[in-house]
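Numbers here simply count residues along the sequence, with the first being 1. Here the structure is a predicted model, which is why all the values come from computation and not from measurement.
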Amino acid sequence: MTGKLNVQRLKETLDYLQSKQRELNRQGENDTRSIESMIKYLKKDMLDQYNLADHHLSIKQEIKDTETFIQNVKSIIDINS
């Protein structure tokens, strides 16, 4: 693992992800592909940028489920705060 996790930046990124997830949930029947692709990119970027797999063993397998991903990141933040 390379250095200490930047918890503050991770929290800010998680907040942004959660806002996009809420936006996606509000869209209902509207075309949500752009939001979905943004969320997918953001999760992958978070995984890589913060080396989340070093902090949570199964986070890569659970990346498709955004709600689970959010909960896992929250637990990583709690542990590293």
Side-chain angles (χ1 to χ4, degrees):
M1 193 165 78
T2 57
K4 186 171 173 358
L5 182 66
N6 188 333
V7 175
Q8 188 56 43
R9 278 195 44 225
L10 181 56
K11 281 182 184 176
E12 291 165 5
T13 310
L14 179 62
D15 287 344
Y16 183 72
L17 174 62
Q18 288 177 296
S19 74
K20 288 294 157 195
Q21 182 67 11
R22 285 190 297 273
E23 187 179 334
L24 179 66
N25 292 339
R26 281 195 305 270
Q27 290 294 319
E29 295 300 310
N30 297 332
D31 185 1
T32 58
R33 284 176 296 195
S34 63
I35 299 172
E36 287 171 351
S37 63
M38 183 184 294
I39 287 172
K40 183 178 177 181
Y41 171 81
L42 187 57
K43 289 188 293 186
K44 183 176 181 339
D45 187 56
M46 288 172 73
L47 195 64
D48 295 341
Q49 186 175 349
Y50 298 102
N51 298 312
L52 296 181
D54 293 348
H55 299 277
H56 191 289
L57 294 176
S58 61
I59 200 162
K60 275 188 175 176
Q61 290 77 29
E62 298 166 352
I63 195 168
K64 285 189 163 112
D65 181 351
T66 301
E67 295 300 332
T68 301
F69 183 83
I70 288 169
Q71 292 308 313
N72 290 339
V73 173
K74 283 181 177 178
S75 84
I76 290 169
I77 289 170
D78 289 344
I79 290 167
N80 288 279
S81 290

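- In terms of hydrophobic clustering, with Ile, Leu, Val, Met, Phe, Trp and Tyr side chains grouped at heavy-atom distances under 4.5 Å, Y16 and I70 are assigned to a common cluster.
- Note on residues 35-47: pairs passing salt bridge (Lys or Arg N to Asp or Glu O under 4.0 Å), not counting sequence neighbours, are K44-D48.
- A distance-only check finds a donor-acceptor pair linking the side chain of N6 to the backbone of R9 [under 3.5 Å].
- A distance of 14.5 Å separates CD1 in I79 from NZ in K74, rounded to the nearest 0.5 Å.
- Using a 4.5 Å cut-off on side-chain heavy atoms (C-beta onward), F69 and L17 make contact.
- Annotation: salt bridge (Lys or Arg N to Asp or Glu O under 4.0 Å) contacts involving residues 10-27, sequence neighbours excluded, comprise K20-E23.
- Looking only at side-chain heavy atoms (C-beta outward), L52 and L10 come within less than 4.5 Å of each other.
- Here the CD1 atom belonging to I77 is positioned 5.0 Å from the CG atom belonging to L14, to the nearest 0.5 angstrom.
- Taking CG of N80 as the start and NE2 of H55 as the end, the distance is 5.5 Å to the nearest 0.5 Å.
- With hydrogens and angles disregarded, a donor-acceptor distance shorter than 3.5 Å links the side chain of D31 to the backbone of R33.
- For the atom pair CD1 of I63 and CG of L47, the computed distance is 4.5 Å after rounding to the nearest 0.5 Å.
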- For N25 and E67, run side chain to side chain contact (heavy atoms under 4.5 Å, CB included): C-alpha distance rounded to whole Å, both residues' side-chain angles, the deciding distance at 0.1 Å, then the answer. CA-CA 11 Å; N25 292 339; E67 295 300 332; 4.2 Å; yes
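- Atom OG1 of T32 is separated from atom CE of M38 by 12.0 Å, given to the nearest 0.5 angstrom.
- For the atom pair S19 OG and L42 CG, the distance stands at 8.5 Å (nearest 0.5 Å).
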